[in-house]
Structure formats: C-alpha cells, structure tokens
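Numbers restart at 1 for each chain; the letters A, B, ... are given by sequence-line order, proteins then strands.
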Amino acid sequence: MAELKYQTHHGMTDLLPDETRKWQALEQIIRREAAKFHFEEIRTPVLEPTELIVRGLGQLTDIVSKEIFAFQRGDTNYVLRPEMTAPVARSYVEHRLDQRGGTQKLYYIGPMFRAERPQKGRQRQFHQFGLEVIGSADPIADIEVISFMVHIYQTIGIRNTRLRINSVGDLQSREAYKKTLKAYLKPHLPSMSELSRTRFEKNPMRILDSKEPEDQPVIEQAPLIGDSLSESSREHFNMVKKLLDDLGIDFEEDPYLVRGMDYYTETAFELISPDLGAQDALAGGGRYDLLIEEIGGEPTPAVGFAAGMERLLIACDELGIELDPGKSLDLYIVTMGGSAREWAVPVLQQVRGMGLSATMDYQGRSLKAQMKDANRAAANYTLIVGDHELARNRFTFRDMGASEEESLSLDEILERMQKLIGEGRTQDKA
RNA sequence: GAGCCCGUAGCUCAGUCGGUUAGAGCGCCAGGUUGUGGCCCUGGAGGCCGUGGGUUCAAUCCCCAUCGGGCUCCCCA
C-alpha cells in the first residue's frame with residue numbers, strides 16, 4: 001500500500017471496533033471478578049516522575065536501564081509508566097491511603113509502555129491488569145493475590161497454565177544468599193557468559209536467570225536461595241505453599257525464579273502458558289515489602305501481580321475461546337423521505353430512554369441500503385416509516401430474525417419493545 | 001542491542017524466468033426486486049505493486065538504501 005502520511009509508532013496498535021468488543025468483554029470479567037474478591041479500582045496518570053520508576057524498580061533492571069520512554073520538559077523528568085506497582089505504591093504514599101484503614105486492596109487496568117523490540121506478545125504500548133494488596137504481611141494476602149490470578153484464567157477458560165513459585169526471602173535472607181552465591185560463583189566466572197560476569201557485581205541473583213548455555217552447568221550446581229532463607233522467610237513461604245495445597249491450586253516450586261524488578265521480597269510467582277510461544281509469561285508478581293519505604297512511605301508490606309492482556313487474548317485465540325459477544329442493536333429505524341427522517345429523531349430518543357439501543361441512517365439512502373445496514377448492525381428489529389405510514393399513523397415493525405413484520409402504531413411498537421426488556425431478549429451487553 | 005523473514009486493492013493472497021491496459025476471493029457501492037436485509041446473479045469504485053536511488057532500451061519483478069511489519073535471542077506482561 002502507498003506510504004501513509006501518519007501512522008502509529010512502532011510497537012503501538014489501534015484497537016478497532018471489531019477488536020474492542022473483545023477487550024470490553026475481558027475488562028468486564030476482570031471488574032466483576034475483582035469485585036467478588038472485594039478489590040477497588042485505582043487509576044493513576046500514565047506519566048510518572050522518572051525518579052519513582054528508577055528508584056522503585058531498580059536502576060540496574062532491564063526495564064529501567066533500556067526500556068523506559070522518558071522525556072524532559074522544563075526541569076521536570078517524565079516517564080511513561082512501564083508497570084503499575086510503583087505508581088500504585090506512590091499513590092498510596094501520596095494520598096495516605098493507610099488512613100483509609102485496614103489493608104488496601106486495589107486493582108487496575110490500563111496501558112503500560114516499554115521501549116522494546118516488538119514481537120508476538122510484546123508491544124511498546126501494551127495493557128496490564130493487576131492487583132496490589134498493601135498493608136499486610138500475612139501469607140493469606142499472597143494467597144488471595146495468587147488465587148485471584150489463577151481464578152481469572154480459569155474463569156475465562158485458559159486451563160493449561162503453569163504456576164511457578166519461589167521465595168527470594170527477606171532482606172536478611174537475600175544479603176546472606178548474595179554472599180554465599182558470590183563466593184560460589186567467583187571461581188567459575190572466567191568460564192561464564194559476559195552478561196553473567198557483568199551481573200556478578202551488580203545483581204548476582206539475576207545470573208540464575210541466565211539462559212546462556214555456558215552458564216548452565218554453573219547454575220545447576222549453584223547454592224539455592226531456599227537454603228539461605230531466614231526462619232521467618234521460610235515459615236512464610238511454607239505457609240503460602242500449604243495454603244495453595246489447601247486451595248487445590250497446582251504449582252511447581254522453581255528455585256531459579258527471580259523476577260525482573262528489584263523490589264521483590266519473599267514470595268515470587270509467575271503464570272506461564274504453553275500456548276504463547278516465546279513470550280510465555282501470562283502474569284507474574286510477588287511480595288514487595290521494601291518498596292513503599294524505599295519511595296518515602298512508612299515501612300509497609302505489600303504483594304501484587306500484573307497480567308498482560310494482549311497475551312491473555314492471544315491465549316484465547318490459540319484455544320478458540322471467543323470473548324467477543326458480537327455486534328448487537330435493538331432497533332434500526334428505516335426512513336423514506338424527509339418527513340419520515342424528521343419523525344424518527346425523537347422516536348430514537350424515546351427508544352433509547354427505555355434502555356434500548358437504536359439508530360437510523362444519516363445519509364438518506366435507499367430502503368434497501370438501510371435494510372442492509374440494519375442487517376450488518378445485527379439489528380433485532382427494524383421500524384420502517386415512509387409517507388404511507390405517517391399518513392395512517394401505523395408503522396411497519398419487522399422482526400429481523402424471524403423475517404416477519406406487522407403494521408402497528410408507535411405506542412404498540414414501544415409496548416412490544418418494553419416487553420422485550422422484561423423478557424431479556426435484548427442485547428444489553430453492558 | 002543482535003539475527004532471520006516479509007512488504008502487490010480495505011482484508012487474505014495470486015502474478016510477471018524484466019516487456020504493451022496488474023488479477024482473484026472476501027469486503028464496500030449500485031442494479032436485478034419503482035417501499036424491505038441475510039442467499040443468488042450482474043456491474044462499479046478502489047493499486048505511482050511501501051518509499052528513494054541504481055542497473056537496463058524497459059523495473060512491481062534484479063541490486064542498494066530507507067521506512068514499515070513479522071519472528072527469534074536477550075528480557076519481560
């Protein structure tokens with residue numbers, strides 16, 4: 001096709017009407033289920049202070065070091081949020097949400113931005129939904145979060161997922177572990193990948209995540225975080241696993257699971273799907289007991305997860321799960337002639353006032369073209385009006401599904417429509 | 001940041017071993033049915049064959065660059 005004057009940026013896509021129906025259906029499920037778990041929605045700006053993201057996620061993480069969209073205006077630094085945990089934590093501190101009392105249970109849905117090379121299941125503007133439970137150190141909080149995450153995919157019908165969990169321990173455990181790990185790694189460094197060698201000083205735990213072949217033998221023999229866990233971290237993790245068992249949620253313990261953000265402590269988890277290809281992580285999360293203090297709040301334990309919506313929808317496609325309820329319209333008013341068109345305008349308002357959806361042609365097209373349009377819009381009924389009907393004050397009311405029609409007064413038609421609401425025969429897919 | 005593949009109508013894709021007016025299906029518009037959709041038939045609109053340059057008598061086709069897209073590594077949702 002010819003060169004376009006303007007188009008979306010690399011890795012960013014328009015969601016067109018035939019797509020957005022599916023998105024709305026997904027969002028509806030998320031909101032409904034979040035409400036069941038008694039989570040409340042939080043919405044924050046897409047632009048955040050650069051420092052928040054850098055401090056929050058960690059300077060050395062991939063996201064911060066090479067994937068953030070940042071710009072400056074005057075002497076203020078802005079970033080497009082790459083994730084929601086830090087922004088929610090910021091909001092919690094900024095608005096003293098602890099003063100609302102108890103544990104804050106928040107959910108969000110929205111666009112995130114990362115300057116990566118796009119591929120299947122990875123875009124520069126993508127969408128996540130997720131939960132944050134702030135103010136509880138109880139393993140029950142971890143479990144509620146994990147259980148919601150698993151529940152959502154179950155509800156949608158994505159069954160063949162795998163839950164992987166690990167504990168990265170509290171601060172003491174991590175310091176102790178880093179020490180043993182570095183002591184172990186040091187003699188092997190010369191034979192290891194360049195990436196791992198750079199990580200050694202900065203963040204040795206990330207080496208365990210390496211997929212470089214030359215690192216594998218070293219990693220296999222490496223000491224595990226599990227062996228360095230403090231007593232309380234061990235108890236916490238054991239309780240999480242026990243509760244998962246109690247809930248009948250299958251999981252596999254992966255001692256090598258280390259997640260991408262520095263703020264994680266204790267429980268870390270990931271939900272992966274074999275239906276996704278290279279980018280197989282559907283969702284992931286964990287506890288972040290140090291983040292809120294790190295960004296200037298009171299020491300506050302918290303746990304959450306984030307899920308990629310594009311990936312969820314890809315999985316649905318792969319599995320043949322249809323979220324799109326399809327188009328629907330209650331009434332299409334077909335008009336012939338200027339007076340009929342003018343007559344229709346207030347009738348539309350009346351029908352809509354009854355809670356039904358209604359539209360008409362705006363172009364003065366032929367009856368046939370309007371019928372075709374009504375069909376395309378998946379209209380359940382059409383009301384046909386021309387000079388003939390106006391003169392007799394009786395209108396043609398056509399049932400598009402049954403291909404039957406009769407001549408009725410407007411009141412009779414409205415009465416029928418009213419009845420349809422009661423019978424739930426209309427497509428009110430809010 | 002690195003590698004591989006691909007850019008022909010709105011969409012999915014043929015095609016030209018380089019050679020006069022570039023095709024199909026679907027979609028769109030109209031007619032067949034002077035006031036009736038979904039099926040069928042007929043017709044129509046719609047392409048500087050992504051863009052720029054090069055080679056050539058001649059380029060949509062070959063070469064280079066560029067832009068865009070897809071996939072992979074890395075990493076993540």
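A:A306 comes within 4.0 angstrom of the backbone, heavy atoms only, and of no base. Using a 4.0 Å heavy-atom criterion, one finds that A:L282 contacts the sugar-phosphate atoms exclusively. Within the 4.0 angstrom heavy-atom criterion, no nucleotide atom of any strand lies near A:H127. Residue-level contact check: A:G11 touches the backbone only, with heavy atoms under 4.0 Å from sugar-phosphate atoms and none from bases. Within 4.0 Å (heavy atoms only), A:K368 reaches at least one base atom of the nucleic acid. Within 4.0 Å of A:E389, counting heavy atoms only, lies at least one base atom of the nucleic acid. Looking at heavy-atom distances under 4.0 Å, A:R398 makes contact with a base. Looking at heavy-atom distances under 4.0 Å, A:S403 makes contact with a base. Within the 4.0 angstrom heavy-atom criterion, base atoms lie near A:G121. Nucleic acid contact class of A:E116 (heavy atoms, under 4.0 Å, all strands): base. At the heavy-atom level, A:E270 lies nowhere under 4.0 Å from the strands shown.
Rounded to whole Å, the C1' atom of B:C39 lies 14 Å from the corresponding atom of B:G32. Of the C1' atoms belonging to B:G7 and B:A65, the separation is 15 Å, rounded to the nearest Å. For the C1' atoms, the distance linking B:G69 with B:C29 amounts to 30 Å, nearest Å. For the P atoms, the distance from B:G50 to B:G10 is 13 Å, rounded to whole Å. Across the C1' atoms, B:A14 and B:G47 are found 15 Å apart, a figure rounded to whole Å. B:C62 and B:U72 have their P atoms separated by 27 Å, given to the nearest Å. Distance check on atom P: B:G46 versus B:U55 gives 34 Å, rounded to whole Å. For the P atoms, the distance linking B:A58 with B:G15 amounts to 27 Å, nearest Å.
Remark: B:U42 base-pairs with B:A30; criterion is Watson-Crick or G-U wobble with both hydrogen-bond distances under 3.5 Å.
Taking 3.5 Å as the limit, the base of B:G38 and the side chain of A:N375 contain no donor-acceptor pair of atoms between them. Remark: the A:E405 side chain and the B:U36 base include a donor-acceptor N/O pair separated by less than 3.5 Å. The base of B:G1 does not come close enough to the side chain of A:R117 for any donor and acceptor atom to sit less than 3.5 Å apart.
Looking at the side chain of A:Q7, the nearest of the listed nucleotides B:G68, B:G35, B:A77 is B:G68. Comparing B:G38, B:G35, B:C76 by their nearest atom to the side chain of A:R114 picks out B:C76. If you check B:C73, B:G70, B:U36 against the side chain of A:R122, the one that comes closest is B:C73. Of the candidate nucleotides B:G38, B:C75, B:C71, B:C75 has the atom nearest to the side chain of A:E67.
Separating the CG atom of A:D62 from the C1' atom of B:G1 is a distance of 11 Å, rounded to the nearest angstrom. When the P atom of B:G27 is taken as reference, atom CG of A:D373 falls 15 Å away, rounded to whole Å. Here the C1' atom of nucleotide B:C76 and the CD atom of A:Q123 are 14 Å apart, to the nearest Å. Atom pair A:H9:NE2 and B:G69:P shows a separation of 10 Å (rounding to whole Å applied). The separation between A:L367 atom CG and B:G37 atom C1' is 9 Å, rounded to whole Å. Taking atom OH of A:Y264 as the reference point, atom C1' of B:A77 lies 10 Å away to the nearest angstrom. Atoms CD (A:Q363) and C1' (B:A30) sit 14 Å apart, rounded to a whole Å.
Note on ring orientation: taking the six-membered ring where Trp is involved, the planes of A:W23 and A:H127 are perpendicular (angle over 60°, cut-offs 30° and 60°). The aromatic rings of A:F37 and A:H151 sit tilted relative to each other, their planes meeting at an angle between 30° and 60°.
The shortest distance between the side-chain N/O atoms of A:H10 and the OP1/OP2 oxygens of B:G69 is below 4.0 Å.
If you find the closest nucleotide of RNA chain B to A:Y153 and to A:Q119, the one lying nearer the 5' end belongs to A:Q119.
Salt-bridge check for A:R124 with A:E116: failed, with every basic side-chain N at 4.0 Å or more from each acidic carboxylate O.
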Can A:Y288 and A:Y263 be said to form a ring pair (Phe, Tyr, Trp, His ring centres under 6.0 Å), step by step? CA-CA 5 Å; A:Y288 48 97; A:Y263 53 61; 5.7 Å; yes
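Residue A:I140 places its CD1 atom among 12 or fewer non-hydrogen atoms of other residues, nucleotides or ligands, all under 6.0 Å distant.
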